[in-house]
2 protein chains.
Amino acid sequence: MASPSNSAKKQFNFDPRKFLATIGEGRKVVAFPKKQTIFTQGDAADSVFYIQQGKVRLSVVSKIGKEATLGILSEGEFFGEGGLAGQRLRMGSAAAMTDCELLQIDKKAMMLALHREHTFSDLFVAYLLARNIRYEEDLVDQLFNSSEKRLARILLLLAHFGKEGVPETVIPKISQETLAEMIGTTRSRVSFFMNRFRKLGFVNYGESGLQVHSSLLNIVLHD
Amino acid sequence: MASPSNSAKKQFNFDPRKFLATIGEGRKVVAFPKKQTIFTQGDAADSVFYIQQGKVRLSVVSKIGKEATLGILSEGEFFGEGGLAGQRLRMGSAAAMTDCELLQIDKKAMMLALHREHTFSDLFVAYLLARNIRYEEDLVDQLFNSSEKRLARILLLLAHFGKEGVPETVIPKISQETLAEMIGTTRSRVSFFMNRFRKLGFVNYGESGLQVHSSLLNIVLHD
DNA sequence: CGGAAGATGTTCACTTTTGCTCAGAATTGG
DNA sequence: CCAATTCTGAGCAAAAGTGAACATCTTCCG
């Protein structure tokens, strides 16, 4: 999975941050400590965020209180862009998973910049395309696969597979609860499959966190 | 659900087709009769389509041959835009559900136009935002709801609810098979729920096709 | 250090869903 | 018009997933 910032660089060969800086008034750098809420479902949707540092979790709560996690975003990604499409209110919540440094851009300033700056517009289009692809893949995954496969896929994605063949450490702390919310199942199910994966040698709990072995791909790829 | 073309018009106040016409070389109008394949999973992804007339179904086939329907698109929507984000091959298939008139735009021409024409770029961004929102909603629906609720939601969306309070006729022909592929369940399940909905008076098979009553919303909204 | 709060591992009775199969209805194309 | 498909409604056993409970483990702090 190419991250949006990477694909933007690859295709257009420039650094997003440089162009974001040219927006001028209507933007500001904001810091959020770990666990802090950035915005909540129901807030006014009058700005867009760009992640300079850290990880952000997007989630939604259903009428009956069930929670779902839509994604975990990292450096170089945008979020909260629903307002640009006319949504008045936030349809979900965003929270800092680590200490974060974000660029908060007013909706107005963002729309002006998109209309004025070719390169910025190119960047944002590249981001939206990448995000579309990711949502589409997540949806396909939900339509096709069992919860065991969905869990395996999310673990591989979180481990940044595809960079090197080397087993890489997953984001140090991610609870089974959050994993369950991402794949749409219960925590006890996640616990059950995690133990199975461990017994089969696909993952292991090292001191530096959870390690994912590429052989886990077998679960995803098999039939 | 606002269709992309509507939201583009609402926000930017212009007609997409006018600007698409300015692309010049690198685009052509193509017609597809009902049921014809437009492109197939695995084809080279070297162009983007814009729907001028008709309805198009996007689908994906899994390794084991299961099929999923990702969406049914209408006039004013783009599809096949994955290539713009660097995808070399089509990740799914597209087929005409009705006789269609499409605008096929070369990837190169599209990227040039996006970079050159402010208004075209604005239009495309609006489309991508709308599409993102729709995918996000579909994903949330999958994460939260049972197949019964997912079916009810899809029926309401297909019936264009929100336009008038009037019960509207669903797209004349949509098989239970396709419905099943859209919500990620089996056809027999769809059959079961459709009968239940009918017995409860939420839908009925009129001579003009399937009619959806707004009371079906109760199924979606009730805990 | 010692709670308190948060994670995790496990179990278990229930529900829901799947994956068939089969037979009748509705459509479609000669 | 008939024959061949393609839909549809049903039923059922097996599989998967749910929700809640409860007993450890860990971590975090005062």
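In the text below, chain A, chain B and the rest are named by the order of the sequence lines, each starting its count at 1.
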Applying salt bridge (Lys or Arg N to Asp or Glu O under 4.0 Å) to A:Arg196 and not counting sequence neighbours gives A:Glu148
Salt bridge (Lys or Arg N to Asp or Glu O under 4.0 Å) filter on A:Glu181, not counting sequence neighbours, yields A:Arg57
Main chain of [Y], side chain of [X]: is a donor-acceptor contact present, judged purely on distance under 3.5 Å?
X	Y	answer
A:Asp141	A:Glu137	no
B:Thr40	B:Ser93	no
A:Thr98	A:Lys55	yes
B:Gln104	B:Val30	no

Residues of residues 179-191 of chain A with a heavy atom under 4.0 Å from any atom of DNA chain C, listed by number, are A:Arg187, A:Ser188, A:Ser191
Pairwise side-chain contact, A:Leu210 with A:Met194, heavy-atom cut-off 4.5 Å (strictly under):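 A side-chain contact exists here, since the closest heavy-atom pair is under 4.5 Å.
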Over how many whole Å does the gap from [X] atom [atom1] to [N] atom [atom2] extend?
X	N	atom1	atom2	value
A:Glu148	D:dA15	CD	P	15 Å
B:Met194	D:dA10	CE	P	13 Å
B:Phe144	D:dT18	CZ	C1'	16 Å
A:Leu210	D:dT26	CG	C1'	16 Å
A:Phe192	D:dG19	CZ	P	17 Å
B:Phe193	D:dT8	CZ	P	16 Å

* Any B:Gln176 side-chain nitrogen or oxygen under 4.0 Å from OP1 or OP2 of D:dG9 ->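 Answer yes for this pair, as a side-chain N or O of B:Gln176 is under 4.0 Å from OP1 or OP2.
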A:Ile174 and A:Leu158 have their tightest heavy-atom pair at CD1-CD1, 3.8 Å
For A:Arg196, which contact category applies under a 4.0 Å heavy-atom criterion: base, sugar-phosphate, or nothing?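 Here A:Arg196 touches no strand at all.
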ring-ring contact (aromatic ring centres under 6.0 Å, His included) with B:Tyr50: of B:Phe78, B:Phe124, B:Tyr127, only one passes, and it is B:Phe78
Could you work out how much the helix from C:dC1-D:dG30 to C:dG30-D:dC1 bends, comparing the axis of its first five pairs with that of its last five, to 10°?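 Between the axes fitted at each end of the helix from C:dC1-D:dG30 to C:dG30-D:dC1 lies an angle of 50°.
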By side chain to side chain donor-acceptor pair (under 3.5 Å) - contacts of B:Ser175 (at least two apart)
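Applying side chain to side chain donor-acceptor pair (under 3.5 Å) to B:Ser175 gives B:Thr178.
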Min and max contacting nt of DNA chain C in 5' to 3' order, chain B heavy atoms within under 4.0 angstrom, are C:dT17 to C:dC20
With B:Asp138 as partner, the option from B:Arg131, B:Arg150, B:Arg153 fulfilling salt bridge (Lys or Arg N to Asp or Glu O under 4.0 Å) is B:Arg153
